[in-house]
Each structure stands twice: as structure tokens, then as C-alpha cells.
There are 2 protein chains.
Amino acid sequence: MTEQRMPTSLELVRWIGWAQRKAGEDWIREREISHEQAFVLGYLVQNPGTIQRDIAAVSRTSAASVTSLLKGLEQRGLVERRAAPDNARVKRVHATPAGAELVAGFPDAMAALDDTILAPLDTAERATLQQLLTKIVAELPQPTRD
Amino acid sequence: MTEQRMPTSLELVRWIGWAQRKAGEDWIREREISHEQAFVLGYLVQNPGTIQRDIAAVSRTSAASVTSLLKGLEQRGLVERRAAPDNARVKRVHATPAGAELVAGFPDAMAALDDTILAPLDTAERATLQQLLTKIVAELPQPTRD
DNA sequence: CTCTAACCATTAGAGATCTAACTGTCAACG
DNA sequence: CGTTGACAGTTAGATCTCTAATGGTTAGAG
């Protein structure tokens, strides 16, 4: 009812992130998989043998979360965790064929989602946005270690 | 190690949102308050007497979450929930002076955070980003009802 | 070699959020 | 009126994520 101040860019980012999660819910629910699990599984298809520590870094979550997240995926036969021959501390995680099949459409679904949410922008504007966001992300403190 | 595909804009948004949350953790933890609680409390200072349903819409969360979130704030004496005289269904929520004082610096802290994260961009670029994001948000499905 | 510190993964426990079901209230319509 | 349907808020139960502590492993210094 009253006039509000202009939202900051970070608030806008927050809202868009929320909308993204909301819009992806159907795809996620159909496969009885959590959003993070789908993300991780998709990442593993592209990067087989990633160790859990790095999965945590990529998905911006904690090592504890990765443990329980993979536990669910492993029980459903969607991933395998194999001991590394050269380093007994780590476990290398691979997506199984069933896992790969489950998330086969994930990148496309994400791209379509991207397209839907960015619909108000034309091609040039999208390119600009991409460029600006990339510039910001490049300077963010990175959770990865190399 | 291997060459990755370019992240989509929505992935970049996701990362920025994560960084935002991470960067705000110190401010939050000092006051022993959760991120969402701080957001809601700050909103209530600006919009006294908001009903819970609208708080849920603004903060993009569920009514159930608002209930438990406000429960914590009320027990600490940071908000008051008053019955509305004209409508027994709703409860109008107000920040107490203690609540207002606790989050007095919140908008400034958010603005400073915004400034830090957007540091890689110059003034013109920030304006462009703001404009593009606003354009996207304007077309998002709105959880509010008016 | 041994000791120490760093590292990876797991577990337990706490906290937050969601969905679904429930209670109480209001409004509309016959 | 009285019934019906929508609405605000709460509760219960489940899921997810985090922090802190633990166990096992590796690398480096003396």
C-alpha cells in the first residue's frame, strides 16, 4: 500500500533465485529427487570421479550435507562411491547409468527455465546480463581450493 | 580440470545469492538471529501492522514458517502480535522498540554488502544490472495477492 | 622413525522450512 | 438464519542443512 524504497540488486537476485527454485519444482518432484541431488547428479555425469569435498565446494554446501545427499542417491542406485587406490581418505563418486538417465534432461530443463525467466529481456540484454553477472561471480570468494 | 560449459545466468544468480548469504553471516550471528528473522524484522519496522500472510508473501516463504519464525521473535520480545479489532482471523505484527533497535543497522549492512559484492562493476554497469534485474522481477509470478 | 598437523568423510544433534491436515473466522448465497 | 466455501493461522511430521565433534588417513618436521 505505501510506497516502498527501491529494492537493492541483491534483493532482486534473491527473488530471482526463489522463482527459479519454484519453477523447477515440477521437474524435481516428478523424479522424486531433491533440487540439490539433481544438481549434484548432473554435475557427476559431466565430472565422473569427483571427490565429495569438491562436490561440496561446487554445490556451495557443506561436506556433511554431501554425505547425506549422496547416501540417498546411493541407496537408489543412482551413484557409486569407490575408494581411490592412491588415497584412502577420499571416495570418488560416479553416476551410474540409471543416475545418468534420470538427469539426462536436467541441463535442457535448466536451459528452458533460464529462457522462461529471462523472457522479458531481448538477446542483447541477456548477453549484457550474463556478462555483468560473470564479472561479479569472478570476484566472489571461491569455496574451491585450486 | 576439464573445460566446463559456460554457466547459465540463473546459475550465476544462484552463486551470488549464496555469496550474499555467506557474507551476511557475521552480522546475523552477532545478534543471534536468523537471516530470515532479520529480514522480517526489518520489514516490520518499515511496515508496522503487517499480517502474517503478507509477511509470508514478501519473504517468499510459507505461512507455517512465518508462524515459527515469529514465535522466536516474540519470545525474545522483539515483536508483538495483536489481534485486529475488525477481523478476528488476522494478527497484526509490530516490531517492539527492542526489535527496531536490534535491526536498526540492517538496511545499511545490506547496502554495504551490496556494495561489496557489486564492487567489480562501475556505476554505469550497476545501473544497467539493476535495470535488467528489475525487468526480470517485474514479470515473475508474484506471491502477493494485490 | 615418530609426532604433529592437516585433511576427508561421517555422525549426532539442533534449527529451519516445507506440505498436509486442522481450528477458528468471515462472507456470500439461497 | 444456515450452509457452504474461502481465508488466517497453527500444528504435526518429514526433509534438508548446518555446526561441532569423531575416526581414519596422509604429509611434513624434527
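Here is how names work: the chains are called A, B, and so on, in the same order as the sequence lines, proteins then strands, and each is numbered from 1.
Among residues two or more places apart in sequence or in another chain, the side-chain hydrogen bond (donor to acceptor under 3.5 Å, both in side chains) test is passed with A/Arg29 by none. Annotation: side-chain contact (heavy atoms from CB on, under 4.5 Å) contacts of A/Ala84 (sequence neighbours excluded): A/Asp86, A/Val90, A/Arg92. For B/Ser68, the side-chain hydrogen bond (donor to acceptor under 3.5 Å, both in side chains) criterion is met by no residue, not counting sequence neighbours. In terms of the side-chain hydrogen bond (donor to acceptor under 3.5 Å, both in side chains) criterion, B/Lys22 has no residue partners (sequence neighbours excluded). Residues satisfying the side-chain hydrogen bond (donor to acceptor under 3.5 Å, both in side chains) criterion with A/Gln131, sequence neighbours excluded, are absent altogether.
Sorted by first then second residue, the ring-ring contact (aromatic ring centres under 6.0 Å, His included) pairs that include residues 61-84 of chain A, not counting sequence neighbours, number zero. Residue pairs meeting the side-chain hydrogen bond (donor to acceptor under 3.5 Å, both in side chains) criterion with at least one member in residues 105-115 of chain A, sequence neighbours excluded: A/Asp114-B/Thr8, A/Asp115-A/Arg126.
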Counting primed atoms, P, OP1 and OP2 as sugar-phosphate and everything else as base, the B/S/- map of nucleotides 10-20 of chain C against protein heavy atoms under 4.0 Å is BB----SBBB-

Set out, line by line, the N/O atom pairs under 3.5 Å between protein and nucleotides 21-29 of chain C.
from	atom 1	to	atom 2	distance (Å)
C/dC26	OP1	B/Ala88	N	2.8

